[in-house]
Protein chains: 2
Amino acid sequence: MNYSRLRAFHAVAQHGSYTRAAQAVNISQPTLSDHVKALETDYGVKLFKPKGRGVELTALGARLLEKSRSLMAQEAAIDRMLREAGDLATGHLTVGADAPHNIIPLLSAFSRHYPGIEVALKTGNTAQIQRDLLEGRVDVAVRSEAGYSERLVSEVLQRADLIAFVSVDDPWARKNSVELSDLVGRRLIVRERDSATRTVFEQFVYSAGLTFSDMMEIGSREAVKEAVAAGFGVGIIADTELGQDERLKSIAIRGSEMEILEYIVCLRERRSEKVINALFEQLDNWPGRVI
Amino acid sequence: MNYSRLRAFHAVAQHGSYTRAAQAVNISQPTLSDHVKALETDYGVKLFKPKGRGVELTALGARLLEKSRSLMAQEAAIDRMLREAGDLATGHLTVGADAPHNIIPLLSAFSRHYPGIEVALKTGNTAQIQRDLLEGRVDVAVRSEAGYSERLVSEVLQRADLIAFVSVDDPWARKNSVELSDLVGRRLIVRERDSATRTVFEQFVYSAGLTFSDMMEIGSREAVKEAVAAGFGVGIIADTELGQDERLKSIAIRGSEMEILEYIVCLRERRSEKVINALFEQLDNWPGRVI
DNA sequence: CAAGGTTACGCCGCGCGTAACTATA
DNA sequence: TATAGTTACGCGCGGCGTAACCTTG
């Protein structure tokens, strides 16, 4: 008796369709098909029969579903018990982040608070992090958009505004703020497409009906700062990310609030795990949290 | 929740020791240790505590054992249901044999009787077959000795006697029987050591206090026959294996009944599986069976 | 032709064993 | 010193996804 196979059967039986089950449990449909077939040939039984262009349970399949329900319930009970029993004296927490910047102080505090928990931080682009999260390779993720999926829950980690910044040698170095439209004449230094900063910025630019002809695209936050410091043009960045750099001067952008949000996200079904819950609690009590 | 890990915990908890559990479930002890540790660190809990030079359950471990017992019972119930539901209209049966000779007619009849069952025959030496059987790569095995292990059950497939045989041109070709001691002066053609035939033969020779100086060892049944047909000497073989060969004459060996048994063996816990049971029933009703 | 299921195939990680190491009586 | 458990490490199979194919309304 192989549990992967039984789980596959269970999912298909409960959803009444391979396709829907595959979506629901986030496993490819051919895999489910394989597993169910393996179950059937191993025991020499028939669990589903074709119906229309879908499938339906055989009598035996229906009996099996009853039993598998009860088994899954048992499993859930065990899982719940163990999760509730965890004392946070030991364990591990793996965080995935596309931009590790804002999460680090939180993790450092968390780690001090729960010294027995091994904390790991995994970086990657947003898509990688998303997959890692769905497939359990990370416990929580830090991302710039809230969860798309029904399967995810999130809380705001940080709220920031996009600002412009220039070199202290720049003619604008004396300004404290500009209009979005003022940027049109300048060369802009921005992050690559599909970075959170860039996405938000372009969205605002678009809704303001503006276009910029002279944009320089640079692949990392640090490199953007260096380029601006070297006088290449006006940088765009989240205010929290600018840091203290003597060579740079920040400039607010009036009128449009270019808000950029960062979320901490986890799978809904794992939200209640002791370690994950502890992290969210840490966040709720976070003095440095700007909302 | 990972079932391998839970099973590992269950085994260790029930047997009260990693070592004993490892023997009982036929999994190496480090593997069990790994799995239990993974369970513990994943949930941040402690399930066993050291005691003397063994381990004992923690309070949480004891609670988990209760639940895991119930889950294992559920599993067994599902397994039983599916096994009993099998209708032998489809499925598969893999047989391992060191000497495929005697099993083939049985399998052929079985296959005719249950055309939906895919029958496969896997050959190999006795040790390989033994491992395949214990690790589930074959459903049943055909072997010359009954199961050593408590975990195996067996039935006699065939009972045969060792006989001598010579070329029809041999001076002995007119004899119908000889004494074991008569063989001393002749060159004997035998199978390799650790073949069933050889093992039984040597055992009888030893207990009769005889020694043979002129033995020719040949690596296959067919090659032995060819060598004897070519006049190299006197062959030793199971009577059922001689077949019809115009060039050969069989000669009984008087006095000592050199009996050689072949068993069909399976894991005790799988004896009741529909397909396996059907094979044993086929054997019980086997007209060609010589006992 | 579109929606759903199956077959074919290749990759990767988990589960496993072996061997070396550590600890306890 | 012997027995029980842990750590280290490498291998192979099973679980998985992608892509192509088949089937039914």
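Here is how names work: the chains are called A, B, and so on, in the same order as the sequence lines, proteins then strands, and each is numbered from 1.
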Subject >> Distance, rounded to the nearest Å, where D132(B) contributes CG and dG12(D) contributes C1' >> reply: 14 Å

Original post:
Using the ring of each side chain (for Trp, its six-membered ring), is F48(A) parallel, tilted or perpendicular to F9(A), with breaks at 30° and 60°?
Top reply: tilted

Subject >> Distance-only donor-acceptor check, side chains Y43(A) and D79(B), under 3.5 Å >> reply: yes

Original post:
How many Å lie between CZ on F48(B) and C1' on dA4(D), as a whole number?
Top reply: 14 Å

Original post:
Looking at the side chain of R53(B), which of dG15(D), dA4(D), dG25(D) is the nearest nucleotide?
Top reply: dA4(D)

**OP:** Specify the residues of residues 20-30 of chain B, ordered by number, for which at least one heavy atom lies under 4.0 angstrom from an atom of DNA chain D.
**Re:** Q29(B), P30(B)

Original post:
Taking for each residue the nucleotide of DNA chain D bearing the nearest heavy atom, is the 5' side occupied by V55(B) or by H35(A)?
Top reply: V55(B)

Original post:
Has the side chain of T31(A) got a donor or acceptor atom sitting under 3.5 Å from an opposite partner on the base of dG15(D)?
Top reply: no

**OP:** Taking the side chain as every heavy atom from C-beta outward, state whether L57(A) and L64(A) have any atom pair closer than 4.5 Å.
**Re:** no

Original post:
Between which nucleotides of DNA chain C, 5' to 3', does chain B make heavy-atom contacts below 4.0 Å?
Top reply: dG15(C) to dA25(C)

**OP:** Considering only NZ, NE, NH1 and NH2 on the basic side and carboxylate oxygens on the acidic side, decide whether E84(B) and R80(B) come within less than 4.0 Å.
**Re:** no

Original post:
Expressed in angstrom and rounded to an integer, what is the separation of M1(A) atom CE from dG14(D) atom C1'?
Top reply: 16 Å

Subject >> CA sep, side-chain torsions, deciding dist, call: Y18(B), V36(B), side chain to side chain contact (heavy atoms under 4.5 Å, CB included) >> reply: CA-CA 10 Å; Y18(B) 282 87; V36(B) 171; 3.4 Å; yes

Subject >> Between C1' of dG14(D) and CG of D34(A), the distance in whole Å >> reply: 11 Å

**OP:** Starting from P on dG14(D), measure out to CG on N2(A) and report it in whole angstrom.
**Re:** 10 Å

